[in-house]
Amino acid sequence: MDIGDSIWDDGEWVSWDEINQQIQYQEWRAKYPNAHISLVPIFEQLISTAEEYYRLTGNHLQIYGDIGEIYAAITHGIKLHKNYAQGSDGRLGNDFVEVKTITPFKKTDRVSVKLSGNFSKLFIVKINQDFEISGRLINRADLPKWGGNILRLKWADIARAPR
């Protein structure tokens, strides 16, 4: 370690990289208090990669569902199931959670939810055309009553739904 790249603190040399990493972790903890903090850089890299790829090629990568699930994990502490688990995408305490993502290339801000799934909460993530991301956690009991197996929800309706 080069002395110019570090400082002496409490009897040991500490690099500026370590200091900057701790500052970054503090910022992430403030922004994502429920997160397993090691997932945050993965999430940020995925959303950045998706955006950069789109800006360079005009095409979208097929990773938005994964981005939405990781966003649910870091914002709400949802523990994700293994890939392709049937019925739900993760757990929040004793509740099973289904995650649906509205992608930046969708023409409408809607999601379709199979009501046959085994979930008690629904987390809907919206990634807009500027790659800004937001989400909403809804109790299944608060979803509109529907006679069929597939419920279609608009983002605008979700934003007004009770929490």
Side-chain angles (χ1 to χ4, degrees), residues 5-7 9 14-56 60-106 108-114 117-143 151 153-163:
D5 293 334
S6 59
I7 61 170
D9 182 45
V14 180
S15 74
W16 286 108
D17 287 339
E18 290 175 82
I19 293 168
N20 290 334
Q21 182 180 31
Q22 289 304 315
I23 292 169
Q24 180 67 68
Y25 277 23
Q26 287 177 351
E27 290 173 1
W28 286 338
R29 284 192 205 292
K31 187 173 181 180
Y32 305 112
N34 298 315
H36 186 300
I37 211 69
S38 62
L39 292 178
V40 176
I42 295 167
F43 164 76
E44 289 190 348
Q45 186 62 49
L46 283 173
I47 196 77
S48 176
T49 298
E51 181 177 11
E52 185 175 348
Y53 183 82
Y54 175 72
R55 303 270 184 250
L56 288 172
H60 288 279
L61 293 172
Q62 299 300 309
I63 61 171
Y64 296 110
D66 293 325
I67 290 170
E69 289 179 9
I70 295 172
Y71 184 73
I74 65 173
T75 58
H76 286 75
I78 294 169
K79 186 177 185 305
L80 298 173
H81 297 319
K82 293 180 181 179
N83 288 342
Y84 308 109
Q86 295 294 315
S88 66
D89 294 304
R91 281 185 85 114
L92 183 59
N94 292 326
D95 293 312
F96 288 107
V97 181
E98 177 71 13
V99 179
K100 292 293 182 180
T101 304
I102 299 170
T103 63
F105 57 84
K106 276 189 107 172
T108 62
D109 287 347
R110 295 176 187 241
V111 293
S112 296
V113 182
K114 290 182 186 175
N118 181 25
F119 64 93
S120 54
K121 294 190 182 289
L122 174 64
F123 189 76
I124 300 178
V125 177
K126 181 178 179 188
I127 306 170
N128 70 17
Q129 280 122 1
D130 294 323
F131 292 85
E132 298 166 336
I133 190 165
S134 55
R136 185 72 198 272
L137 185 65
I138 305 165
N139 289 319
R140 184 174 184 151
D142 294 331
L143 292 173
L151 176 63
L153 297 166
K154 294 180 190 176
W155 178 257
D157 294 338
I158 297 161
R160 291 190 298 264
R163 286 191 181 243

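Note that these values count all heavy atoms, side chains included, but never hydrogens, waters or copies made by symmetry.
Within a 6.0 Å radius of CD in Glu52, no more than 12 heavy atoms belonging to other residues, nucleotides or ligands are found.
Within the structure, salt bridge (charged side-chain N to carboxylate O under 4.0 Å, His left out) contacts touching residues 22-31 (residues at least two apart or in different chains) do not occur. Within the structure, every pair that satisfies the side-chain hydrogen bond (donor to acceptor under 3.5 Å, both in side chains) test and touches residues 32-42, not counting sequence neighbours, is listed here: His36-Ser38.
Atom CG of Leu143 sits about 11.5 Å away from atom CG of Asp157, to the nearest 0.5 Å. In this structure, Leu61 CG and Ile67 CD1 are separated by 8.0 Å, a value rounded to the nearest 0.5 Å. Taking NZ of Lys121 as the start and CG of Asp142 as the end, the distance is 8.5 Å to the nearest 0.5 Å. From Asn83, atom CG reaches atom CG of Asp89 across 9.5 Å, with rounding to the nearest 0.5 Å.
Scanning for side chain to side chain donor-acceptor pair (under 3.5 Å) contacts around Ser88 gives His81, with sequence neighbours left out. When the side chain to side chain donor-acceptor pair (under 3.5 Å) test is applied to Tyr25, the partners found at least two apart in sequence or on another chain are Gln21. For the side chain to side chain donor-acceptor pair (under 3.5 Å) test, residues two or more places apart in sequence or in another chain that qualify with Glu132 are Asn128. The ring-ring contact (aromatic ring centres under 6.0 Å, His included) test applied to Tyr54 returns His60, not counting sequence neighbours.
Closest approach of Ile127 to Phe131, counting heavy atoms only: CG2-CA, 4.0 Å. In terms of heavy atoms, Ser134 sits closest to Trp155 at OG-CZ2, 3.5 Å. Counting all heavy atoms, side chain and backbone alike, Phe123 lies closest to Ala72 at CD2-CB, 3.4 Å.
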Let me check something: any side-chain donor-acceptor pairs from residues 43-51 under 3.5 Å, sequence neighbours excluded? List them with distances.
| residue | atom | partner | partner atom | Å |
| --- | --- | --- | --- | --- |
| Glu44 | OE1 | Trp28 | NE1 | 3.4 |
| Glu44 | OE2 | Trp28 | NE1 | 3.3 |
| Gln45 | NE2 | Thr49 | OG1 | 3.1 |
| Thr49 | OG1 | Gln45 | O | 2.8 |
| Glu51 | OE2 | Arg55 | NH2 | 3.1 |

Return a table of donor-acceptor pairs under 3.5 angstrom between the side chains of residues 90-105 and protein atoms on other chains or two or more places apart.
| residue | atom | partner | partner atom | Å |
| --- | --- | --- | --- | --- |
| Arg91 | NE | Gly93 | O | 3.4 |
| Asp95 | OD1 | Ser120 | OG | 3.0 |

